[in-house]
Amino acid sequence: MTMPAENPMTLLSTRFEPLLLRHPLNPILTSKDWPYPINSVFNAGATLLADGTTLLLCRVEDRRGLSHLCAARSANGVDGWQIDNEPTLMPNPKDFPEEIWGIEDPRITFVPELQQYVVTYTSYSRGGPGVSLALTKDFRSFERYGVIMPPDDKDSALLPRRINGYWALIHRPATNLGAHMWISYSPDLRHWGRHRLMLEARRGAWWDANKIGMSPPPIETSRGWLVLYHGVRHTPSGCLYRLGVALFELENPEKCLLRGDSWIFGPEAEYERRGDVDDVVFPCGYTTDADGDTLNIYYGAADCAIALARASVRSLLSWLDANASCERRQRAQDL
Ligand code: BMA
């Protein structure tokens, strides 16, 4: 009998210790917390400011159905949020027509070389979702670079440093043949090329078949870039968004070293299972505690609220060692 490449015995021996622990105060932000009328708040980018404040750049859906971004700041990253009294970054379709139906799902990368935060986000237009980029020093004023990856493309984040002299962007172009994660390189953040397939959606019955996308920006560890990604399972009663993990080579991030076979986090709590879109956990950001190991992962729950789960980099890496198969690239004609 031919064994599938991913060894089922690995799965049978897996003990499902939770790797991401939900915060007891979840959900930590909902529309009720907002200082102006909105429909929902979810999918937030996250970063630590220089003074230790946690900043979330939240996707806020207004009561027309269009999204903008709004900043919320907290001293402990859990409660006491100071939310901007008005939208922080609004779509600007006059100058950026690709934003006509809103801007969504920001990911934040602090780039030491630029001493700025680079925000990549989905700009939604008649052509579909595309990837846009903006720079900021303070999350009050932004320099927009406009659309950097045309539709249909989303789920992007910049790596915080150059790789072999080039900026590297992970993103998720979609075609009717599937939606996989790609990486592209640029000398100046404006012109992108050397596109490479980074991680493929699996096929058939897998939890991450057909459609995957990066979730928060990659986490740099001594063993490689740790990447949390979402897999979308289409079921007769809707989509199921779950989270998996993979590890990529530090100086060659298109090379996958390890990929977990099973998902590590999925919708279970009531606020994840029921909302505007049921059964969705969708992290777009994380911060790291001073111990250098504890991750605070901020995720959208059922497209209605923001929740927090904690994880340990060390545990994620040991779990991958025990539960991952080495990623095998399929031949180009299989795509
Ligand atoms: C994805 C994105 C996310 C959203 C999710 C579930 O395609 O649009 O913003 O949270 O669907 O609706």
Side-chain angles (χ1 to χ4, degrees), residues 26-31 38-46 56-62 64-70 89 91 98-108 119-132 147 149 151-157 170-176 178-182 201 207-217 228-235 237-244 263 265-269 271-286 297-309:
N26 274 350
I28 57 165
L29 283 167
T30 72
S31 60
I38 65 170
N39 173 57
S40 52
V41 54
F42 50 113
N43 304 358
L56 297 184
L57 192 59
C58 308
R59 171 177 173 187
V60 170
E61 191 183 288
D62 67 24
R64 300 170 301 171
L66 308 191
S67 292
H68 61 266
L69 309 183
C70 185
L89 190 66
E98 67 275 6
E99 300 182 358
I100 190 162
W101 288 337
I103 55 178
E104 307 176 350
D105 301 357
R107 273 82 167 185
I108 303 171
V119 183
T120 53
Y121 55 93
T122 302
S123 41
Y124 189 17
S125 70
R126 293 186 178 96
V131 174
S132 290
V147 71
M149 291 289 165
D152 187 333
D153 207 329
K154 52 168 44 177
D155 297 329
S156 71
I170 300 173
H171 57 115
R172 203 286 305 280
T175 68
N176 53 7
H180 313 290
M181 286 165 56
W182 288 68
W207 70 273
D208 56 354
N210 307 319
K211 188 175 177 185
I212 59 170
M214 197 196 48
S215 271
L228 300 173
Y229 70 97
H230 55 267
V232 187
R233 172 122 189 216
H234 293 264
T235 80
S237 62
C239 291
L240 268 168
Y241 279 75
R242 302 187 182 109
L243 207 61
W263 70 84
F265 191 66
E268 285 173 20
Y271 53 86
E272 299 160 351
R273 298 226 54 205
R274 299 279 164 262
D276 278 3
V277 182
D278 292 349
D279 292 315
V280 178
V281 290
F282 202 93
C284 288
Y286 71 92
I297 298 169
Y298 294 92
Y299 63 99
D303 283 12
C304 258
I306 295 175
L308 167 63

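Whatever order the structure lists ligands and atoms in, that order sets their numbers, starting from 1.
Taking every heavy atom of D105 and a limit of under 4.0 angstrom, the matching atoms of ligand 1 come to 2 (C), 3 (C), 9 (O). The atoms of ligand 1 that sit less than 4.0 Å from any heavy atom of K154 are 1 (C), 2 (C), 7 (O), 8 (O).
Of all protein heavy atoms, the one lying nearest to atom 10 (O) of ligand 1 is D303 OD1, 2.6 Å. What sits closest to atom 11 (O) of ligand 1 on the protein, heavy atoms only, is Y241 OH, 3.0 Å.
Contact annotation for N43 and ligand 1: only side-chain heavy atoms (C-beta onward) come within less than 4.0 Å of the ligand.
Taking the six-membered ring where the residue is Trp, W101 and Y124 present perpendicular rings, their angle passing 60° and hence far from 30°. Ring-plane geometry between H230 and Y241 is classed as tilted, the angle between the planes lying from 30 to 60 degrees on a 0 to 90 degree scale.
Remark: of the listed residues C58, S40, P27, C58 is the sole one forming a side-chain contact (heavy atoms from CB on, under 4.5 Å) with I306.
Rounding to the nearest 0.5 angstrom, the gap separating the CZ atom in F42 from the CG atom in L29 is 13.5 Å.
Looking at E104 next to ligand 1, no N or O pair under 3.5 Å apart turns up.
Contact between Y121 and E104 at its shortest, heavy atoms only, is CB-O, 3.4 Å.
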